[in-house]
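Everything numeric here is computed off the predicted structure, so don't read it as measured data.
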Amino acid sequence: MKLVTAVIKPHKWEDVREALETFGVAGMTVSEVSGYGRQKGHTEVYRGAEYDIALVPKIRIEIVVEDADASDIVDIVVKTAQTGRIGDGKVWVIPVDSVVRVRTGDKDEAAL
Amino acid sequence: MKLVTAVIKPHKWEDVREALETFGVAGMTVSEVSGYGRQKGHTEVYRGAEYDIALVPKIRIEIVVEDADASDIVDIVVKTAQTGRIGDGKVWVIPVDSVVRVRTGDKDEAAL
Amino acid sequence: MKLVTAVIKPHKWEDVREALETFGVAGMTVSEVSGYGRQKGHTEVYRGAEYDIALVPKIRIEIVVEDADASDIVDIVVKTAQTGRIGDGKVWVIPVDSVVRVRTGDKDEAAL
Amino acid sequence: METGMHAWTLIAASLVLMMTTPALALFYGGMSRSKSVLNMMMMSFSAVGIVGIIYVLWGWSMSYGEQDVALLFNNPFETFGLQGVGGASLIAVGFQMTFAIITAALISGAVADRLKFSAWVLFLPLWLTLSYFPLAHMVWGGGFLSDATNGLADLLGSAAPIDYAGGTVVHINAGVAGLVLAIILGKRLGFGKEPIKPHNLPLTMIGAGLLWFGWYGFNVGSIVIDTELDAAGQTAQFLSETSLVWLNTTVCAAAAVVGWMVVEKIRHGKATSLGAASGVVAGLVAITPACGSLSPVGSLALGVVTGALCALAVGLKYKFGYDDALDVVGVHLVGGLVGTVAIGLLATDGGLFYGDGVSLFVTQVAVALFAMLWSAVATLIVALIVKAVIGLRVDEETEIEGVDFAEHGETGYDFGASTGRGRGTLGTTSTKVKEGAGA
Amino acid sequence: METGMHAWTLIAASLVLMMTTPALALFYGGMSRSKSVLNMMMMSFSAVGIVGIIYVLWGWSMSYGEQDVALLFNNPFETFGLQGVGGASLIAVGFQMTFAIITAALISGAVADRLKFSAWVLFLPLWLTLSYFPLAHMVWGGGFLSDATNGLADLLGSAAPIDYAGGTVVHINAGVAGLVLAIILGKRLGFGKEPIKPHNLPLTMIGAGLLWFGWYGFNVGSIVIDTELDAAGQTAQFLSETSLVWLNTTVCAAAAVVGWMVVEKIRHGKATSLGAASGVVAGLVAITPACGSLSPVGSLALGVVTGALCALAVGLKYKFGYDDALDVVGVHLVGGLVGTVAIGLLATDGGLFYGDGVSLFVTQVAVALFAMLWSAVATLIVALIVKAVIGLRVDEETEIEGVDFAEHGETGYDFGASTGRGRGTLGTTSTKVKEGAGA
Amino acid sequence: METGMHAWTLIAASLVLMMTTPALALFYGGMSRSKSVLNMMMMSFSAVGIVGIIYVLWGWSMSYGEQDVALLFNNPFETFGLQGVGGASLIAVGFQMTFAIITAALISGAVADRLKFSAWVLFLPLWLTLSYFPLAHMVWGGGFLSDATNGLADLLGSAAPIDYAGGTVVHINAGVAGLVLAIILGKRLGFGKEPIKPHNLPLTMIGAGLLWFGWYGFNVGSIVIDTELDAAGQTAQFLSETSLVWLNTTVCAAAAVVGWMVVEKIRHGKATSLGAASGVVAGLVAITPACGSLSPVGSLALGVVTGALCALAVGLKYKFGYDDALDVVGVHLVGGLVGTVAIGLLATDGGLFYGDGVSLFVTQVAVALFAMLWSAVATLIVALIVKAVIGLRVDEETEIEGVDFAEHGETGYDFGASTGRGRGTLGTTSTKVKEGAGA
Ligand SMILES: Nc1ncnc2c1ncn2[C@@H]1O[C@H](COP(=O)(O)OP(=O)(O)O)[C@@H](O)[C@H]1O
Ligand SMILES: Nc1ncnc2c1ncn2[C@@H]1O[C@H](COP(=O)(O)OP(=O)(O)O)[C@@H](O)[C@H]1O
Ligand SMILES: Nc1ncnc2c1ncn2[C@@H]1O[C@H](COP(=O)(O)OP(=O)(O)O)[C@@H](O)[C@H]1O
């Protein structure tokens, strides 16, 4: 199995979720993170002091999938989350040794 | 070494922490995440507009452990976090190349 | 490629970011997490009830890098985030199968 | 005027000012999303700033004075800059100023998340000048909607109109303006599709509570002492009228909370806190014109009905597709109409239900309609002017990113680490301080 | 009544209403966990709604009137719906209504996180009817706990009881009711084991500050002008009595802040903000019955003692194992008892420490005990009725998930991304709008 | 004194108390980082506690009385513990007490994030005794800065000084004290390098709004009735003077909001909410001494200028390198100076611009300078004493971790899971309850 981790722009989250759902992804784990990269942050001013905010908000999605599905899922995310503008994010794939579903104790493929 | 990642129900966190401590886990990294899966979210109503909240709050625990301990730790988490109801979560294991303790520079097993 | 994950003390974040930037790291993904380990938390008192807070705030940094850079980056983080006091954090390295840049669809090394 | 009445007016004026900053700013701010809370509050704060200035310049003069123009407004230059106004009448200026301020600020609820701040700043003086000052003159300054000769009621031959504290001038006026602006501006991105929910309901509830508190100044402070009475008579009027108005205000708001909660319970199975807070405001809006004319039990009935009606009315925007973001229409326009019209039914002196026929009812409906028309036309003109000059709506990216940062360069909150141990360490890198500061 | 006194009553009544919404709602809301902040605030808002209605219907009539029943309550139908009540006495109705509202709302602190909202809605009218209105009648309406013939003090042959602004009727009453409910309801899941800490202390501090502000209306507004005096005498009474009460109220609260902080510093090494906010309220509770009888220095002493005692008393729930979530007992019952009894010692006219013997002290203790007994029995009866009819406690899952969502379908906050740049993007998927809205 | 004037004083005193808790606590708390919000608020709450006590003991006596010492202060033992003070003058004590409280609390803005709480607790009584009470005596108690014989103006032979509501005693005094403390304490870690931004701007805006509301008590309550007038004359004075002061206060604050926003728009391209909130306070500070002497249009001018000047002045700390964290200097010292000096120019009676020469201007400048000098020396002495006895600054680790936890053992917020569905589950493990509680 593989762990697909996608870091995307927040306003693309709904689209990506929908596309993955259509594809048949049954579960994922999502969190709010901050990204640092080419995309520049912004400047805020408080009583005459200017602050450069280097980080931009991103959504991180983690999905454990069967080996065979990994590349399809990467493709779906890339296609759906793409705006063509800097800061669209990254998707990476990591090998997973094993997975368990806590509720039932099901292992590996059966746990997804 | 392995990285065990567990996504569990928030109210099981205390139990899991205690069980892991008893087993001898000395450290872990925890974060608040949102889960998407079989467990349905809920509906909120604001002045006549109903919102389906698809995500449910979860706790994600990350533990880097020696190869030998990985499966025991998975078992402990599964046993302790299990309520038998949908949404109990997932635990997965990933191979780790190396670990360092920042304070001392200790490497690998010595860093845990 | 490798995924370097660093869990560090929050007030070291700025230093680490700067050091990594100097080294040439172009992007990373950052989140606020809680650490559990040797470093003890603190006690809070609310109207006569004392609460032990076991968790301490940490910053988690994730960087996908070329194989060759991984160990340099680990070294940089360790050097910069080190205060020598308990709780400085951990850095671990995980193998990565593939990476894609969402904006362009660039793969692997080209995506970094 | 006795010192006691004056002391009450001082506090009443202070209370009404407080209704805008911070009460309304909180009520609206909490209902918006966290990326636009500051912009929402800024629309209230800037309203105090800008209206505070123009009211002194020509607002008072356009509303009250001796130089009426066609029963529609007063000569703006008669007491421009308050020249010639002095002594105790300055507090009347102050009291009326606070009404102009809150009326303008109320409108901001309809345009949340997408109006350019510069457009708001330009909108304010124009709208006050074309819509608010004339309506204040017409209703309270002896103009077309008062009991003046050749006024609307006079022309209709019906009873003198009643608007104790601003059902038409304030609520119907703001509600119509909100509706017109919401339509011209268009819907927020994602309206009706994506979730756009309140980001901080406790803020909204503070706001509702403080609005209620301030409303005592608004309603009870609106008493007009009958100067034809002798001192004892004036005292008696002050004592009994303010007591009745205070109680009616309270009872109607309380009953509207219950009315709103009941509708929610029936329709959604749950009574919500946003509903309770909204019920407070709806009840207060409805009792505003009626507070001097009803019995406490009449106010109770008005409250229940208004709470229920407004709870239904806030759904209209989804049906008709205008995006009145924070329900200025559903609460202020509908509540204001209900209250204004209910006077024709429930007034203990003149109401249809008290056997006094339809004369008052006819007047109230006619006045409400005329006020709506005036407000709609005036707002339309102002909106088109502002649109032509600097444009109304922020661009799409700004709207998604949030108006707070784009329009004000700030973000509402920085709580830092998620453990509850706020730090604010993350998220920023360097501070550059503007050099050369200092006078 | 002079216009100045009347103006003061108008603002005083407004202030006391503001004590419940938003002040108490904030004070309690901030202390609860973020998953139940809205429910906590809703208990206050619904109290205003429901009590506001029933007070007009039979509350005033049961408390005050000419048709006393056994010195325990007044005929509820005498002035049902306020028929026959008019003129300036309507503000007296309003002022007293706000006391009934806040007393009921105070109780909600004891039942945080686990009471069904429907149970609360049913509890309110029953409890007011069985406990509050009778006690108000007994203490202020000329009943058994006043100086009436055959009243308790008369039977004991001791001095006339003193309760300036509601030590018994409000604080002891609410405190006992909270205790009884907390015991019947049982402990919150995790009480004494898991951390259950305040989720938003700044909210609690806003609440404490606004409660203090409102308390001036509560105490200083409770003056009863001696109608046997001539106009000049009444003015003199108004001027000097309100001045004393204002200052005593302030000094006692200030001293209680210090008293609480000192105890904390000694026991835990640190003075906390929750302690300071609690000290404010404790001091205000204690001075409530005593504010007209003490000297400023006496008030200072009472404040320090009360602050210290209540700082200790909030720990009692852990010792005795009742889960009085937000310390209604530790602050209102204990503070109310300290203040009521202290009058017997510190009253400049009648106090033991001023050489006037134990007569007043005996009365105060007896009145306090009787009020506790009445309140306990009445609350018990009401609680058992509500339990039988719809049940008191939410189920375990609801309690863990949080009452806000389960009972009100809402969540308090949605700050969005953790970078401080709130977005509220995550966490939701689709909006379905109820169709068919609109009247 | 008539009942109406008295009623106004009662509410005015209540309003000024409310300015510190919660208004100032919120204004400052929101501007601090989330790790020090509670400490910030505690400095206000503890100020009420401690100053409330010492004012009764020797504060009033040092400020007002018959036993003047060298025109600098009054004998602290003359009415120690308020012995001999009674009747309606107790509200004068209360009113003045609230001024002492807020002046002390204002200083806390300069020392945010790094002052030991114990140092603050010790600082308060010393500073009040050496700086505030003497200055109050000098300006309002017939001392050196009043129009007394051998007073400063008398010695200079210039016009009698004007400080209607506390430009010198309150704002210049607090501003200078803040500056001195900020310099002695040194900069916060990371000042000028790391981002140190407000953690909760809506809190700051609530604070600004409530400060404005309270300021009506502050300014309009500061009227001194001319006892040489007959009853009708006193009534007339009350009516017209309070009306003017109310309106001037409002207009100046409104204009200052606009002034500040314009400067920001020009310098940074955006008007900010922190700027608007700061403009409110700056305008109110400037009008404080001047509110009885200007015309409404004069107040408007003063507001615009002050808003603009203070918007520039808050940048001075970066230029000169003192870390006045929340801009006590930039807002209160600068605003206080502008207002005090502007009287010499803009007073309709005595101002240079009204053709009355420089006499008043000279007085105002001299008084301001003397007050600054006194305050600087007094604060320096007190700061050095406190530093010697217990030290001023927390250690570095505490400052990084946050003073809230280190000094008060608490954290401001616990919102739980980031999905907006607060839980507060994470972050804690076990509850140990202090045993042995209970009296
Ligand atoms: N090497 C990396 N490792 C982990 N995350 C990265 C890395 N590079 C970029 N990211 C994440 O991807 C996001 C987008 O990257 P950015 O360089 O801004 O734009 P783009 O990918 O379009 O060139 C960043 O905000 C960050 O969260
Ligand atoms: N394929 C997956 N990859 C990552 N996380 C997952 C995946 N499937 C489920 N999860 C996580 O596990 C949680 C529980 O899954 P769910 O399907 O609701 O229940 P169950 O595991 O009991 O069948 C989800 O909320 C999500 O956080
Ligand atoms: N086995 C582990 N797996 C994952 N994270 C760990 C592990 N051990 C420690 N950590 C993280 O590293 C942080 C520092 O560890 P700690 O034991 O407190 O100090 P130190 O590393 O200096 O001995 C912890 O707060 C936690 O976030």
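- Shown here for B:P95 and C:P95, the closest heavy-atom pair between the two residues is O-CD, 3.4 Å.
- Closest approach of B:V96 and C:I94 over heavy atoms only: CG2-CG1, 4.0 Å.
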For a quick check, list the donor-acceptor atom pairs closer than 3.5 Å between chain B and chain C, or say none.
residue : atom : partner : partner atom : Å
B:R17   : NH1  : C:Y36   : OH           : 3.4
B:E21   : OE2  : C:Y36   : OH           : 2.1
B:M28   : N    : C:Y36   : O            : 2.8
B:M28   : O    : C:Y36   : N            : 2.8
B:V30   : N    : C:S34   : O            : 2.7
B:V30   : O    : C:S34   : N            : 2.8
B:E62   : OE1  : C:R60   : NE           : 3.3
B:E62   : OE1  : C:R60   : NH2          : 2.3
B:E62   : OE2  : C:R60   : NH2          : 3.4
B:D97   : N    : C:V93   : O            : 2.7
B:D97   : OD2  : C:K2    : NZ           : 2.5
B:S98   : O    : C:V93   : N            : 2.9
B:V100  : N    : C:V91   : O            : 2.8
B:V100  : O    : C:V91   : N            : 3.0
B:V102  : N    : C:G89   : O            : 2.9
B:V102  : O    : C:Q82   : NE2          : 2.6
B:R103  : O    : C:Q82   : NE2          : 2.9
B:A111  : O    : C:K90   : NZ           : 3.4

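- Within the 4.5 angstrom heavy-atom criterion, no atom of B:I61 approaches chain C.
- Contact of C:I86 with chain B is made through backbone and side chain together, with heavy-atom distances under 4.5 Å.
- Contact annotation for C:V74: only side-chain heavy atoms (C-beta onward) come within less than 4.5 Å of a heavy atom of chain B.
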